[in-house]
Participant: 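This structure is in structure tokens; I'll ask about it shortly.
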Amino acid sequence: MAAQRRPPSFAEVVEAVKAASADPPPFDLLGPGGRGFRLVTEGVTAEDAFAVAQGGAILGWDACGCGGDCGYRWFDEADVARMVAAGRPRILHKRNWDGAITHLRSDDGGSLLIVKSPVRWGEYLD
């Protein structure tokens with residue numbers, strides 16, 4: 001009969017957790033195709049969002065304002081170029097619901113804007 005291995009003690013578990021790497025999660029958000037993005041700025045102004053979009057950002061639309069729990073609608077660089085051609089976004093405020101824009105960046109320098117409704121941007125959003 002083989003000897004049974006004893007489970008680790010609580011103290012051993014605590015030491016293992018302390019010794020484990022405390023690296024932050026690799027990304028704040030996974031965008032289209034699984035590309036990772038890290039937070040740059042929350043609460044971006046319409047002017048700053050417009051400048052980021054002019055630089056070729058992709059955009060995630062949070063139509064219901066849930067923070068992405070039910071998913072984002074993704075707009076690629078060509079869609080965002082059409083939004084830029086329509087002018088700056090308008091961040092709106094409705095009753096107890098405020099629009100917002102967040103800027104994230106990938107390790108390769110690509111930008112992603114997460115736009116939470118209510119925001120109007122040309123004919124595309126809100």
Participant: Considering all heavy atoms of both residues, which atom of C70 and which atom of C64 are nearest to each other, and what is their separation?
Facilitator: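 Smallest interatomic distance, heavy atoms only, reads SG-SG, 3.4 Å.
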Participant: Identify, with sequence neighbours excluded, every residue that meets salt bridge (charged side-chain N to carboxylate O under 4.0 Å, His left out) alongside R88.
Facilitator: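 R88 satisfies salt bridge (charged side-chain N to carboxylate O under 4.0 Å, His left out) with no residue once adjacent residues are dropped.
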Participant: Closer than 3.5 angstrom, by distance alone: can the side chain of D76 be matched with the main-chain N or O of V80 as a donor-acceptor pair?
Facilitator: no
Participant: Answer whether the closest heavy-atom distance between the side chains of T102 and V44 falls below 4.5 Å.
Facilitator: no
Participant: Quick check: closest heavy atoms across V84 and A53, and the distance to 0.1 Å?
Facilitator: CG2-CB, 3.5 Å
Participant: Between A100 and I91, which heavy-atom pair has the shortest distance, and what is it?
Facilitator: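 Closest approach of A100 to I91: N-CG2, 4.1 Å.
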Participant: Side chain of R105, backbone of F37: donor and acceptor closer than 3.5 Å?
Facilitator: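 Absent.
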Participant: If you look at every heavy atom in L104 and D28, which pair is closest and at what distance?
Facilitator: CD2-CB, 4.2 Å
Participant: Does the side chain of L30 reach to within under 4.5 Å of the side chain of R35, using non-hydrogen atoms?
Facilitator: no
Participant: Can any side-chain N or O of W121 pair as donor or acceptor with the backbone N or O of A86 at less than 3.5 Å?
Facilitator: no
Participant: Minimum heavy-atom separation for H103 to S111, with atom names?
Facilitator: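 What the structure gives for the nearest pair is NE2-OG, 3.0 Å.
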Participant: Is the number of heavy atoms from other residues, nucleotides or ligands under 6.0 Å of R82 CZ greater than 12?
Facilitator: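 Buried by this count: over 12 neighbours within 6.0 Å.
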Participant: Sorted by first residue and then second, give each ring-ring contact (aromatic ring centres under 6.0 Å, His included) pair with at least one member in residues 52-85; sequence neighbours left out.
Facilitator: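 Pairs touching residues 52-85 that pass the test: Y72-W74.
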Participant: Hey, is CD on E12 packed in by over 12 heavy atoms from elsewhere, all under 6.0 Å?
Facilitator: yes
Participant: If you look at every heavy atom in I101 and P89, which pair is closest and at what distance?
Facilitator: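 It is CD1-CG, 4.1 Å.
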Participant: Atom CE in M83, atom CG in L113: separation rounded to 0.5 Å?
Facilitator: 9.5 Å
Participant: Is there a path from I58 to V52 through hydrophobic residues (I, L, V, M, F, W, Y) whose side chains come within less than 4.5 Å of each other?
Facilitator: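 They do not share one cluster, since no chain of ILVMFWY contacts under 4.5 Å joins I58 to V52.
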Participant: Would you say the side chain of L112 lies within less than 4.5 Å of the side chain of S106, judging by non-hydrogen atoms?
Facilitator: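 Counting from C-beta outward, S106 and L112 never come under 4.5 Å.
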Participant: Strictly below 4.0 Å, N to O, side chains only: are K116 and D98 in salt-bridge contact?
Facilitator: no
Participant: For V119 and L92, run side-chain contact (heavy atoms from CB on, under 4.5 Å): C-alpha distance rounded to whole Å, both residues' side-chain angles, the deciding distance at 0.1 Å, then the answer.
Facilitator: CA-CA 5 Å; V119 172; L92 306 172; 5.9 Å; no
Participant: So if you build clusters from Ile, Leu, Val, Met, Phe, Trp, Tyr with side-chain heavy-atom gaps below 4.5 Å, do Y124 and L59 land together?
Facilitator: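 Y124 clusters together with L59.
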Participant: Once you round to the nearest 0.5 Å, how far does CZ of R73 lie from CG of L125?
Facilitator: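 Nearest 0.5 Å value for the CZ-CG distance: 8.0 Å.
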